[in-house]
Amino acid sequence: MKTILLIGHDANRAGAQLVLLNLMRLLKAEGGIQMRLLLGDGGQLLDEYRAICPVVVWPAPNRYVVDALTDKVLWKLGVWQQLHDRQTKAHQQKVRAQLRLDSVDLVLVNTVTSSRWFGQLDIPDRIPVITFVHELDMSVRMYTQPDQLKYLLNRTTQLLSVSKATARYYEQQHGFDPARITLYTLIDTPSLERNVQQARQQPSMYESLGLPANARIVGGCGNAEWRKGNDLFVTLARQVIGRATAQDPPVHFVWVGVPPGSLRDDLLLDIRKAGLADRVHLIPPTPDVLRYMSRFDVFVLCSREDPYPLVVFEAGLSGVPVVCFADAGGSPELVETDGGFIVPYLDLDTMSDRVLELLRQPGLRRQLGERLGQKILERHPAHQSVATLVTLFNKLMA
């Protein structure tokens, strides 16, 4: 039986981490492969990972080599760096021992953010490495160091790319050999379909927000960060609501996934100053995300950059059309002209027009949403995806 070491950057409930979880479940169901997982940090999915295979979480760095006062003395004596390096090396050796690297047949690195931990493992040259890339330029600059990323890509045997846009980025910006890039998207569509249906059967979450029964809901979803365009979502709401007429049903904007913090506070300030406090709603991260999304009328992807986001799949399988930006990642490859609308990058005027068009035409809304869901099922059958990956594993481990 072959052994695969999986490496992920954390266990937070987000797109790449959920893809890894689905992959692990499918590989376990396939049989014939043992797995071990190394995570850079914990998170909400940690117990679900542990239910599948052994998990090692990289130990948090010590704040001090000894203590605050002693460290100052050691620094003045010129020996602090030496002791710090020795401590770091001990951490690395402990992790390598826990992972039993000598018995590993293949390494799968999920996200280039994980390059930080991959580079400290000293993986033997005989072991093939597959890197599953979910990041484009902004994320690469935010979450990796150039030397760590270069080392990972140089060591990578085969690159899995979630979209054509992502593949082009690593080929053009990092010189990765296109012959060693495989387009690969893993979505557990049967489970996602079931989850959507279950969410629809549960009571609506919108009553607690005080939304009127005839409200039209424009939704957004994702982490709270500049890359995701939370600020653009608020500006879009201002334009759409400002352009709506008395004949239009009330329009409400709902973003799911904004935790407490400074960005949420800034967004709420903008919302209040724009007079939208009763029309724009920011929902904290929640496992009930599909109870919100399955009742969206339109989904807007305001991301400045998103390689191939899971939220577009969730929207499509909910029968919700998507409006997204061109040149912002791989979503246009799925949305195309029959699953929603693609508007020029950061063109909120055009995006507002397309959103209003969908809100005012329920037939068009239903047609585009249903077609998007159909394309997801046609292009991303889960069994075919995992079979493709197992074939690649066997080829590289032969």
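If you read the sequence from its start, that first residue is 1, and numbering goes on from there.
The structure places CG of Leu23 at 13.5 Å from NZ of Lys28, a figure rounded to the nearest 0.5 Å. Expressed to the nearest 0.5 Å, how far NZ of Lys150 lies from CD of Gln145 amounts to 14.5 Å. Atom CG of Leu27 sits about 12.5 Å away from atom CD of Gln34, to the nearest 0.5 Å.
No side-chain donor from either of Ser318 and Ser294 sits under 3.5 Å from a side-chain acceptor of the other. In this model, no donor atom of one side chain and acceptor atom of the other lie less than 3.5 Å apart for Arg100 and Ser103. Residues His9 and Thr111 have side chains that bring a donor and an acceptor to within less than 3.5 angstrom of each other. In this structure, a donor-acceptor pair under 3.5 Å is present between the side chains of Asn110 and His134. Using modelled atom types and a 3.5 Å distance limit, the side chains of Asn230 and Glu225 yield no donor-acceptor pair. With no hydrogens or angles considered, a side-chain donor-acceptor pair links Gln239 and Asp349 at under 3.5 Å.
Follow the hydrophobic side-chain contacts under 4.5 Å out from Leu346 and you reach Leu267 in the same cluster. Using a 4.5 Å cut-off between side-chain heavy atoms of Ile, Leu, Val, Met, Phe, Trp and Tyr, with links allowed through other members, Val289 and Val258 fall into different hydrophobic clusters. Taking hydrophobic clusters as Ile, Leu, Val, Met, Phe, Trp and Tyr residues chained together by side-chain heavy-atom distances below 4.5 Å, Val19 shares a cluster with Leu106. Under the 4.5 Å side-chain heavy-atom criterion for ILVMFWY residues, a single connected hydrophobic cluster contains both Leu160 and Tyr308. Hydrophobic clustering (side-chain heavy atoms under 4.5 Å, transitive across Ile, Leu, Val, Met, Phe, Trp, Tyr) groups Met397 together with Ile130.
Between Pro284 and Val256, the closest heavy-atom pair is O-CG1, 4.3 Å. What you find for Leu37 and Ile7 is that their closest heavy atoms are CD1-N, 4.3 Å. Summarising the geometry of Leu45 relative to Asn12, their closest heavy-atom pair is CD1-O, 3.4 Å, with the distance given to 0.1 Å. For the residue pair Thr166 and Ser163, the shortest heavy atom distance occurs at OG1-OG, 2.7 Å. Taking both residues in full, the closest heavy atoms of Val251 and Val240 are given as CG1-CG1, 4.3 Å, listed atom of the first, atom of the second, then distance. The two residues Val56 and Gln98 have their closest heavy-atom pair at CG1-OE1, 3.5 Å.
By the ring-ring contact (aromatic ring centres under 6.0 Å, His included) test, Phe233 is found to be paired with Phe253, Trp255, residues two or more places apart in sequence or in another chain being considered. In this structure Tyr169 satisfies the ring-ring contact (aromatic ring centres under 6.0 Å, His included) test together with His174, sequence neighbours excluded. Partners of Pro124 according to the side-chain contact (heavy atoms from CB on, under 4.5 Å) rule, which considers only residues two or more places apart in sequence or in another chain, are Arg126, Ile127.
Ion pair Glu378/Lys375 not flagged as a salt bridge, since none of the NZ, NE, NH1 or NH2 atoms sits closer than 4.0 Å to an Asp/Glu carboxylate oxygen. Between Arg243 and Glu357, no side-chain nitrogen of the basic residue sits less than 4.0 Å from a carboxylate oxygen of the acidic one, so the salt-bridge criterion is not met. A salt bridge is absent between Glu336 and Arg371; no separation between the charged side-chain nitrogens and carboxylate oxygens falls under 4.0 Å.
Sorted by first then second residue, the salt bridge (Lys or Arg N to Asp or Glu O under 4.0 Å) pairs that include residues 302-321, not counting sequence neighbours, are Arg227-Asp306, Lys228-Asp306, Asp231-Arg304. For residues 139-163, the set of pairs meeting the ring-ring contact (aromatic ring centres under 6.0 Å, His included) definition, not counting sequence neighbours, comprises Phe118-Tyr151.
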Which is it for Gln17 and Asp10 under the side chain to side chain donor-acceptor pair (under 3.5 Å) test, yes or no, and what are the steps along the way?
CA-CA 7 Å; Gln17 295 91 323; Asp10 63 35; 2.6 Å; yes

Would you give me the side-chain donor-acceptor pairs under 3.5 Å for residues 321-329, sequence neighbours excluded?
none

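With Tyr292 as the aromatic partner, Arg295 does not meet the cation-pi criteria of under 6.0 angstrom to the ring centre and within 45 degrees of the ring axis.
Side-chain rings of His281 and Tyr206 stay apart, their centers remaining 6.0 Å or farther from each other.
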